[in-house]
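What you see below is based on every heavy atom in this structure, not just the backbone, and it leaves out hydrogens, waters and symmetry mates. As the structure is a prediction and not an experimental result, all values here were calculated from the model. Proteins get letters first, then strands, A, B, ... in listed order; numbering begins at 1 in each.
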Amino acid sequence: MIEVEHLSKHYGSSTAIDDVTFSVKPGEILGFLGPNGAGKTTTMRILTGYLPASGGTARVAGFDVHDDSMAVRQRIGYLPETPPLYPDMTVEAFLYFVARLKHVAAGDRSTRVASAMQRCNLLDKRGVLIRKLSKGFRQRVGIAQAIVHDPAVIILDEPTVGLDPRQIIDVRNLIRSLAGEHTIILSTHILPEVSVTCDRVTIINQGRVVATNTPDQLVAQLTGGLGYDLEIEGDGEQVRQALQDLAPVQSVQIVPAEGQARQHLQITTEGPEDPGREIAALVVGAGLGLYEMRRRQVSLEDVFLQLTTTESAASDALEDGEAIAPESQEEAIASEVPSPEAPLADEDPSSPDITT
Amino acid sequence: MGVLVSNIIAIYRKELQSYFSSPFAYVITGVFWFISGLFFAAILLGPTGVIAQVAAQDQFGGGAPVDVPSQFLIVYLGVIGSLALFILPMLSMGLYAEERKRGTLELLATSPITNWAVAVGKLLGVLTFFFTMTVPLLIYEAIAFLSADPPANPLLLLVAHGGLLLLAAAVLSLGMFVSSLTDSTILSAVLTFGLMLMLWVTDLIASGVQGPVGEAIGHLSLLTSYGNLIQGIVETSDLVLFASYIVLGIFLTAQSIELLRYQRS
């Protein structure tokens with residue numbers, strides 16, 4: 001449905017995107033992930049025909065975005081980063097305006113507008129002036145505006161930015177419900193968004209595509225392992241060697257816990273095997289008290305940081321990986337939707353300097 | 001073609017609706033009606049007005065008979081033309097500047113509609129709004145014309161107001177271009193006002209410059225062409241001049257919006 005080949009865009013001497021290639025199959029949701037300034041918006045603007053590319057080609061529904069711009073525009077629904085809304089119009093009047101603008105036939109307009117409002121839960125607000133709507137509702141009007149002409153392709157630039165947790169869940173559900181009949185590209189720098197909503201992820205950094213895969217495979221491919229955090233009573237040295245001898249275990253670290261006679265064991269494993277059962281058996285069999293045992297899955301965030309930070313920062317991130325993950329997890333819970341598997345990179349001060 | 005027309009109508013209706021729901025447009029209209037009403041009374045009935053002057057002339061029995069309605073119309077619409085110079089930049093200032101500021105230009109630029117169609121729709125919208133602003137003036141004048149004895153030719157009124165609309169279309173078209181250059185409405189209004197003053201005074205400049213150059217500049221004067229039309233003189237050259245300004249404004253607007261895509265945003 002969307003084929004992008006060797007796309008590049010230069011502004012004077014600076015390069016916004018360079019040799020970007022990816023494709024999206026019909027009905028798929030592609031997450032476009034990258035730090036701010038990575039070139040997500042530029043790529044999307046080229047796809048919508050807003051910006052001309054400096055090189056390469058992009059085709060949407062079989063039409064070249066530059067040569068057949070009007071045909072492409074008719075088949076695309078686009079929500080820019082700031083929803084393009086006229087504050088002095090009512091929701092319904094605005095959607096009628098967009099429907100007319102996008103060549104929805106006169107006879108279909110009222111059904112299309114009604115169905116867009118219904119999908120976005122806007123029927124109660126149809127007669128309200130847009131300037132009187134809250135941010136969450138404006139965002140929904142923005143999405144309604146993008147789907148009102150029933151486009152084959154929907155492009156959403158950071159659709160959940162600035163919304164509260166409840167609204168974020170609503171918008172994500174809405175996006176999920178649009179998949180299948182529409183092909184969707186969604187940009188974000190928020191990681192849970194990707195694992196929750198997208199079928200595939202393209203990670204872009206400094207204008208280049210650094211990885212494309214499903215969220216699960218991306219994690220598996222780049223980390224290939226997991227780990228366990230244990231809290232025990234007694235001396236961990238007793239079991240260290242036995243743990244090391246387990247096939248999947250790569251390393252065992254012992255950290256004394258504050259006070260008492262307790263210790264933390266940090267076990268890192270390799271490969272797809274899960275040695276949880278053996279670890280527990282060994283610890284208990286050695287007569288140690290087992291107080292906590294938690295599986296630590298390397299999150300998409302770690303993958304993201306690894307792929308998008310500069311080389312030195314990336315190796316730091318890898319070394320500190322174990323320390324970063326739990327810390328940012330707490331923050332994620334405090335600042336946004338609880339999503340234990342994939343903490344937020346967004347607004348995470350512990351993230352190494354993400355270059356733009 | 002059908003698509004083009006429906007695109008233009010979509011933009012036109014949106015523009016018109018936004019003027020009619022904007023408090024600012026109502027304030028401008030109110031001020032315009034108040035001032036134009038004052039001038040109407042002063043020019044027609046005031047102590048130095050047209051009627052008083054003609055009465056004085058009659059008393060002393062000098063000179064040729066005066067066509068009061070047409071004399072009045074020339075003076076009155078001359079004043080309204082100057083007043084429009086202040087009003088029109090305020091109507092045109094937001095045409096694109098607002099869209100740029102709110103990010104809605106991105107919606108227009110990613111919709112299947114050409115820059116030309118957007119510009120034409122916008123110009124027609126704002127022009128229609130200005131026309132509704134002048135409707136009360138048309139009514140006062142019609143009353144004055146009908147009460148004249150012998151009744152004046154209503155065609156004169158139509159030609160003169162047609163001239164006012166052409167003048168407005170030319171000013172608004174250039175104002176629209178200026179508005180497309182910036183995302184500040186105030187800056188857009190000030191620049192448009194400055195540009196209009198320049199065009200307005202081309203007469204003065206032309207009379208200061210000798211030879212064919214001065215003559216050429218003189219032909220660019222909106223004031224001269226407007227002056228002809230409100231006297232009921234319809235000349236092709238004046239119509240062409242207005243049409244040129246209008247088309248130039250639309251053309252420059254479409255180009256400047258196209259150029260925006262090549263700038264780093």
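Here B/S111 is the residue among B/A117, B/A10, B/S111, B/S18 with the most heavy-atom pairs under 4.5 Å with chain A. Heavy-atom pairs under 4.5 Å with chain B peak, among A/P83, A/P87, A/S69, at A/P87. Chain B forms more heavy-atom pairs under 4.5 Å with one residue of A/F97, A/Y78, A/F94 than with any other, namely A/F97.
Panel note: side chain A/H103, backbone B/P112; a donor-acceptor pair is recorded below 3.5 Å. Distance alone, capped at 3.5 Å, is enough to place a donor-acceptor pair between the A/R73 side chain and the B/A109 backbone. Of the possible polar contacts, none joining the B/R261 side chain to the A/L51 backbone as a donor-acceptor pair under 3.5 Å is found.
Proximity to chain B (any heavy atom under 4.5 Å) is restricted, for A/V98, to the side chain, taken from C-beta onward. Residue contact with chain B, scored on non-hydrogen atoms closer than 4.5 Å, involves the backbone of A/L85 exclusively. For A/E81, no part sits under 4.5 Å from any heavy atom of chain B, backbone or side chain.
Counting heavy atoms from C-beta outward, B/T110 and A/I76 have side chains that stay 4.5 Å or more apart. Between A/P84 and B/R102 there is no side-chain heavy-atom pair separated by less than 4.5 Å. When side chains are defined from C-beta on, A/R100 does not count as touching B/K14, because their heavy atoms never get closer than 4.5 Å.
Other residues, nucleotides and ligands contribute at most 12 non-hydrogen atoms within 6.0 Å of the NE2 atom of A/H66. Counting non-hydrogen atoms of neighbouring residues, nucleotides and ligands closer than 6.0 angstrom, the CZ atom of B/F39 reaches no more than 12 such neighbours. Within 6.0 Å of CZ on A/R119 lie more than 12 heavy atoms contributed by other residues, nucleotides or ligands. Heavy atoms of other residues, nucleotides or ligands lying less than 6.0 angstrom from OH of B/Y140 number more than 12.
The line from CG of B/L108 to OH of A/Y50 is 10.0 Å long, rounded to the nearest 0.5 Å. Annotation: the span from A/T41 atom OG1 to B/E106 atom CD amounts to 8.5 Å, rounded to 0.5 Å. Note: B/I113 CD1 to A/Q74 CD = 12.0 Å, rounded to the nearest 0.5 Å. Atom CZ of B/R13 sits about 10.5 Å away from atom OH of A/Y96, to the nearest 0.5 Å. For the atom pair OG1 (B/T114) and CE (A/M70), the distance works out to 5.5 Å, reported to the nearest 0.5 Å.
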B/I11 and A/L101: side-chain contact (heavy atoms from CB on, under 4.5 Å), yes or no, with the steps?
CA-CA 8 Å; B/I11 298 286; A/L101 209 57; 3.9 Å; yes
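With 3.5 Å as the limit, one finds a donor-acceptor pair spanning the side chains of B/E99 and A/Y86.
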